[in-house]
Q: 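Below is the structure I would like to discuss, written out as structure tokens.
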Amino acid sequence: MSKLRVRFAPSPTGNVHIGNIRVAIFNWLFARNQNGEFLLRVEDTDRERSTESAVEALLDVMDWLGLDHDGEILYQSSRLDDHRAAAESLVNSGCAIRKHSKDSGGQPVIFLLPYECSKIPFVRTKGEAGLAAAPGKEISITRSGAKFSCIENGKEIEKSCSLAGLYRLRILGRDGETLFDLDKRIASMSPADEIKISGAQRIEYVSREVFYHDHVKGELAKPLDSMKDFVIVRSDGSPVFHLANVCDDIAQDINFIVRGDDHVENTFRHVFLFHALGHQPPRYAHLPMIVNQAGKPYSKRDGDAYVGDFRKKGFLPQALFNHLALLGWSPGDDREKMGRDEMAGAFSLERVKSSPGKFDIQKLISMNGLYIAEMPPDAFAKLAIEFTSEWPEGKPSPDEFAKIAALMQSRTKTLAQAAEWKYFFHAPHEINPKDLEKALSRPGSRDALLSFAGSLATLDVSDKAIIEAQIRASEGSSGLQKGGLNPALRLLLTGAKSGPPIEDIIHILGAEKSAERIKPRRPVAATKKNDHRAAEFLNKYS
RNA sequence: GUCCCCAUCGUCUAGAGGCCUAGGACACUAGGUUUUCAUCCUAGUAACCGGGGUUCGAAUCCCCGUGGGGACGCCA
């Protein structure tokens, strides 16, 4: 077998979303596993919607995730001439026609599914088909398709399909006489011809289907009589996706296409295109889609599904990569947290599921926490500090920040949580009076607090054990239980109800700042009527 | 409407006819450790969509329902 060549071929018409990038991840894993090549093609032919910034965003995101591609990027827009030439050759070889158009505009080029398929390996005959024609309905036949009505299960159904779907079509009248025989007419039909037949009773033809082996879904087949000929060049002369996509896959020598589920139906058409262009179709694998919490597919409209947003929310690329790879694939054992290379080593298409998966943000968060936990502290601090840029006072000093980061790392699931560490640098804006009242409600609390605040002036805060001992001492002398002072101290110091050990906080804050925060002061305004009592209490707690 | 695909705990998944009393992970609950929180440890709740077959035996194979998704563009 020749070297595996796969590609990721996004259209840059908006920010890349996670469903999109997951396709890239699977292609990358597959290529790396097989020692193949992973190519990138930007399908930017939709000029109206493609933007340069979207291309930049795409490249940026791929770089962030470590999805390195082989070779140069192919921009589809640069291959217009080749696409047109391909269309021209298809017209010349009779595989496509220029549609006759009454409008003054140009003529679109329509690819005709081949009528004679005996030498095409991916088409097979299923058998004779017979349909009852709907009475009184006219049948219309042109080179690019037939339209007719028939009766199925007592219901009248309108059908239209390519002539290739109606192999050896015969239309029979009331007395069984042949009104039309496609075999005799097809060779002489010109694109402008339209044949109308009335009085049909019965429609008979040979039913065939196109099939291919999908490396995820197994064998897939589609009856030709459910397919239509399709436009490959628009009336304005621009090539349609199907043509451009196939031409570029040929140009890039792609021999395995791994893409989203939504292309399954396109593949039935693309294999004909490959064949008509003189090439063997590549192999295919279609990945199941991923859906959002509501069970609906992600679309570019899903505001929260952009890959860039995950970065902004403080997710690590390793975690997102890992989590996305595990959506629809598993190594087959109980491994879940796996690095890129480990996953590439274990990857196989056979182990890709064929059912859609729901994206679970909780699991991503958990995995992100795992990756954060194993980071070297300085690396963690360096990444986390970026998330303090929203602070009005500006980013803290890296050295100070690193101490806090080390303290918080095991408590952190996403880097964005670093924005909440503000209290280490600035006194908390507000303390919930109710919480404080509760924290101070035990008898002796106030005395213990004052005692500890007073001791801070002479306390050696460079030693956490000393700080802790002093807290215990203040508790003891005021008749408070061990740890009874913690809630109040924490609240006054940080404004939060939970967090790292008090002594760690005081150690970092220093004696002066700590005393400042604990000291009775700070009137707290009652914001609600029922907070009034608590506010009163606080204001006079000295 | 037509065609195609899919279906195991709430979620991601393991499962290739007997290793299944259906395993793991996230989430959740309880307990332990940490005088809070987090980490860590232990335990628990929780699933084969329904109905028919095939078979000595079905989560696994077949059929029919049901539910979900996709495709039917001169979008990609």
Side-chain angles (χ1 to χ4, degrees), chain A residues 9-13 43-46 48-50 76 99 101 105-110 152 155 157-161 209 214 216-218 220-223 225-228 230-242 244-245 259-269 286 288-291 293 295-297 300 323 326-337 350-351 353-367 369-370 373 407-413 417 468 471-472 475 481-487 489-491 494 496-502:
Chain A
S11 54
T13 55
E43 303 209 331
D44 55 349
T45 45
D46 187 352
E48 310 243 313
R49 297 197 294 150
S50 299
Q76 188 160 68
K99 190 179 187 180
S101 169
Q107 299 169 315
V109 177
I110 297 178
E152 265 177 25
K155 272 188 293 186
I157 292 167
E158 212 171 292
K159 287 198 172 190
S160 73
C161 72
E209 66 183 8
D214 188 289
V216 167
K217 293 174 178 292
L220 262 20
K222 190 177 175 68
D225 60 4
S226 69
M227 293 178 70
K228 290 177 189 170
F230 52 97
V231 174
I232 52 175
V233 179
R234 301 183 188 92
S235 10
D236 68 1
S238 61
V240 170
F241 159 74
H242 303 295
N245 189 260
R259 61 188 357 172
D261 223 347
D262 47 340
H263 285 292
V264 163
E265 306 269 329
N266 287 335
T267 302
F268 292 118
R269 308 200 261 200
H286 287 97
M289 310 294 279
I290 59 180
V291 297
Q293 295 294 311
K296 298 290 172 193
K300 287 178 180 169
H323 184 251
L326 249 25
L327 246 181
W329 173 80
S330 76
D333 47 40
D334 286 340
R335 280 181 294 172
E336 289 205 336
K337 183 170 165 293
E350 285 66 41
R351 296 207 52 84
K353 296 245 302 180
S354 54
S355 55
K358 201 175 280 187
F359 185 84
D360 183 10
I361 190 79
Q362 278 304 332
K363 193 146 183 171
L364 206 214
I365 290 171
S366 164
M367 183 159 285
L370 258 31
L407 189 59
M408 299 305 282
Q409 189 164 355
S410 75
R411 276 162 254 266
T412 306
K413 298 286 188 190
Q417 288 173 322
E468 199 194 338
I471 296 173
R472 299 299 152 247
E475 283 165 350
Q481 278 188 330
K482 256 166 99 184
L485 190 55
N486 279 346
L489 267 179
R490 179 181 303 285
L491 214 46
T494 71
K497 287 199 268 190
S498 62
I502 304 286

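Sequence lines set the chain letters: A, B, ... in the order given, protein chains first and strands last, and positions in each chain run from 1.
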Q: Any strand counts, and the cut-off is 3.5 Å on both contacts for Watson-Crick or G-U wobble. Which nucleotide pairs with B:C28?
A: B:G44
Q: Across all strands shown, which nucleotide pairs with B:C49 by Watson-Crick or G-U wobble geometry, both distances under 3.5 Å?
A: B:G65
Q: Tabulate protein N/O versus nucleotide N/O from nucleotides 28-34 of chain B, keeping only pairs under 3.5 Å, one per line.
A:
none

Q: Could you check whether A:Lys155 gets within reach of a base, just the sugar-phosphate, or nothing at all, counting any heavy atom under 4.0 Å?
A: nothing
Q: How would you label the contact of A:Arg472 with the nucleic acid (heavy atoms, under 4.0 Å): base, sugar-phosphate, or nothing?
A: base
Q: Please classify the nucleic acid contact of A:Ser235 as base, sugar-phosphate, or nothing, using heavy-atom distances under 4.0 Å.
A: base
Q: Going by purine N1 to pyrimidine N3 plus the second Watson-Crick contact, or the G-U wobble pair, all under 3.5 Å, which nucleotide sits opposite B:A58?
A: none
Q: Mind calculating the distance between CD (A:Glu158) and P (B:U2) to the nearest angstrom?
A: 13 Å
Q: Listing time: all N or O pairs from protein to nucleotides 8-12 of chain B that are below 3.5 Å?
A:
unit_1	atom_1	unit_2	atom_2	d
B:C12	OP1	A:Lys358	N	2.9
B:C12	O2'	A:Leu326	O	3.3
B:C12	O2	A:Lys363	NZ	3.2

Q: Quick one: label A:Ala244 by what it contacts on the DNA or RNA (base, sugar-phosphate, nothing), any heavy atom closer than 4.0 Å.
A: nothing
Q: Quickly work out the A:Glu468 CD to B:U35 P distance and round it to whole Å.
A: 7 Å
Q: Identify whether any heavy atom of A:His286 sits under 4.0 Å from a base atom; if not, whether one sits that close to sugar-phosphate; answer base, sugar-phosphate or nothing.
A: nothing
Q: Starting at atom CE of A:Met367, determine the distance to atom P of B:A27, rounded to an integer number of angstrom.
A: 11 Å
